Amino acid sequence: VSWRDSSKPVRKNPDTREALQAQRPWLAHYEKGVPYTISVPRIPLHHLLRSAVRRFPNRAALYFEGARLSYRRLNHEANKFANALLGLGVGRGARVVLLLPNLPQMVVAFYGALKAGTVAVFMPPMTDPEGLIQQVRDADASVLVALNLSAGLPHIILTDPADYLSLPKKMISRWRNRGLTVAGAIRWRHFMRGQDWHSPTLQVESDELAVIQYTGGTTAAAKGVMLSHYNIGSNIEQMGQVFAFQRNDRVLGVLPFFHSLGFTGTLMLPSVLGLGAAYHANPLDAKAIGPAYFVERGEQVVLLKDEAEILP
């Protein structure tokens with residue numbers, strides 16, 4: 001699984017490396033094992049997930065509040081979400097707003113949106129209502145996936161934080177949130193019920209738009225950054241080379257998915273490499289993050305925040 005697999009001999013051209021060092025002096029500061037150049041596969045992002053599923057079908061992909069989703073189940077749930085979107089007539093090029101904290105549903109909906117040929121739109125959940133409406137209009141969105149919100153879209157899918165948790169936790173959460181609803185919205189469990197778990201046959205190219213990620217708007221109006229499958233694949237490849245994960249590593253993601261590093265480093269990268277990722281809905285809840293998420297005692301956990309740290 002390591003992106004620096006030393007078991008395979010790599011032929012290096014010393015003349016090429018010296019020429020690159022002369023042109024790019026910063027290369028001398030790269031850590032040992034980080035290549036100067038990389039090859040980025042021209043495939044859609046969900047094919048990277050499919051590859052991980054084939055290699056590690058029963059390995060845990062997600063940990064959340066005591067629940068565990070294997071790679072096989074994650075892929076099946078993403079397929080069901082994709083088929084449900086297509087059943088609504090939402091397909092290639094449509095924009096699906098994912099306005100959620102770090103929940104399993106966010107990962108499922110993201111990959112499901114890609115499999116349906118749609119564009120996943122990430123917006124900060126703390127965006128004020130006026131700003132949110134502006135961003136939804138700007139993105140020309142057709143679907144909103146949220147906990148409890150309406151933005152005047154044709155399709156609104158509401159989920160509960162406990163939808164993938166044990167039955168007791170699920171019942172308690174639904175009781176607490178029983179009054180939180182939006183007229184005309186579809187509940188996540190109803191949206192997914194009875195859907196085909198096989199992957200849609202839609203062909204998606206690597207240069208197609210995959211994600212619109214809105215900036216925080218701290219210095220100016222928030223802007224939607226448009227990223228293709230190939231753009232994101234390039235970022236994943238670079239991060240994989242720098243972090244050099246090993247087979248039994250686990251990723252503890254404390255950055256929200258709408259954050260560019262949170263999205264690339266804690267949603268995409270672990271699922272591409274076949275690692276396990278532990279998530280918490282509130283990244284500011286320090287008491288819950290930490291001991292509860294060291295899910296495999298004795299194994300290394302990689303904590304991704306503004307700077308990377310390796311925790312023993």
Side-chain angles (χ1 to χ4, degrees), residues 1-45 47-49 51-52 55-56 122 206-207 209-216 218-220 223 225-278 283 289 294 296 298-312:
V1 179
S2 173
W3 288 42
R4 300 183 198 166
D5 189 350
S6 58
S7 63
K8 296 180 181 179
V10 178
R11 296 182 179 180
K12 299 179 180 179
N13 186 331
D15 295 333
T16 302
R17 289 178 63 83
E18 290 176 2
L20 279 174
Q21 284 180 340
Q23 296 172 6
R24 308 170 187 174
W26 60 85
L27 295 177
H29 302 282
Y30 277 21
E31 292 183 11
K32 184 179 180 181
V34 177
Y36 288 174
T37 60
I38 58 174
S39 176
V40 180
R42 288 194 171 274
I43 58 176
L45 295 173
H47 284 195
L48 299 175
L49 172 65
S51 175
R55 290 177 291 150
F56 316 109
F122 291 93
S206 63
D207 59 353
L209 184 62
V211 168
I212 297 177
Q213 197 157 25
Y214 276 84
T215 60
T218 52
T219 57
K223 299 176 180 62
V225 180
M226 304 173 72
L227 300 171
S228 70
H229 289 259
Y230 186 75
N231 291 150
I232 299 168
S234 301
N235 291 340
I236 296 168
E237 182 74 27
Q238 293 175 71
M239 288 191 70
Q241 296 291 350
V242 171
F243 284 103
F245 290 104
Q246 302 301 317
R247 182 177 299 274
N248 292 323
D249 289 346
R250 299 292 183 266
V251 174
L252 172 58
V254 297
L255 278 177
F257 293 150
F258 65 81
H259 187 290
S260 58
L261 178 58
F263 164 65
T264 309
T266 67
L267 190 160
M268 286 297 312
L269 189 59
S271 57
V272 167
L273 295 182
L275 307 176
I289 298 172
F294 284 79
E296 296 289 342
E299 292 183 350
Q300 170 171 286
V301 175
V302 180
L303 171 64
L304 287 181
K305 55 179 187 178
D306 286 335
E307 295 180 0
E309 294 179 4
I310 305 299
L311 304 181

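Keep in mind that what you see is a predicted model, and the values were worked out from it rather than measured. The first residue of the sequence shown is numbered 1, and numbering continues consecutively from there.
You'll find the side chain of Pro41 reaches within 4.5 Å of the side chain of Glu237, heavy atoms only. By the 4.5 Å heavy-atom criterion applied to side chains, Leu261 and Met239 are counted as neighbours. Using a 4.5 Å heavy-atom cutoff, the side chains of Val211 and Phe263 are in contact.
From Tyr30, atom OH reaches atom CZ of Arg24 across 8.0 Å, with rounding to the nearest 0.5 Å. Within the model, atoms CG of Leu45 and CE of Met268 stand 4.5 Å from one another, a figure rounded to the nearest 0.5 Å. To the nearest 0.5 Å, atoms CZ (Phe258) and CG (Leu267) are separated by 13.5 Å. Here the CZ-NE2 distance, from Arg42 to His229, works out to 13.0 Å after rounding to the nearest 0.5 Å. Here the CG atom belonging to Asn235 is positioned 10.5 Å from the CG atom belonging to Leu269, to the nearest 0.5 angstrom. Here the straight-line distance linking atom OG1 of Thr264 with atom CZ of Phe257 works out to 11.5 Å at 0.5 Å rounding.
Counting all heavy atoms, side chain and backbone alike, Tyr230 lies closest to Val40 at CE1-CG1, 3.5 Å. Of all non-hydrogen atoms in Pro270 and Ala277, the two that sit nearest each other are CB-CB, 4.0 Å. Taking each heavy atom of Leu275 and Val251 in turn, the nearest pair found is CD1-CG2, 4.2 Å. Nearest heavy-atom pair, Leu20 versus Leu27, reported as atom, atom and distance to 0.1 Å: O-CD1, 3.6 Å. Heavy-atom minimum distance, Ile232 versus Ala210: CD1-CB, 4.2 Å.
In this structure, Arg250 contributes its side chain and Asn248 its backbone to a donor-acceptor pair below 3.5 Å. Under a 3.5 Å cut-off, the side chain of Ser51 and the backbone N or O of His47 do not form any donor-acceptor pair. Formation of a donor-acceptor pair under 3.5 Å by the Gln238 side chain with backbone atoms of Ser234 is found in this model. At distances below 3.5 Å, at least one donor-acceptor pair connects side-chain atoms of Thr215 with backbone N or O atoms of Lys223.
Inspection of the Ser228 and Asn231 side chains reveals an N or O donor paired with an N or O acceptor under 3.5 Å.
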Go through the steps for Asp249 and Phe243 under the test side-chain contact (heavy atoms from CB on, under 4.5 Å), then give the verdict. CA-CA 11 Å; Asp249 289 346; Phe243 284 103; over 6 Å; no

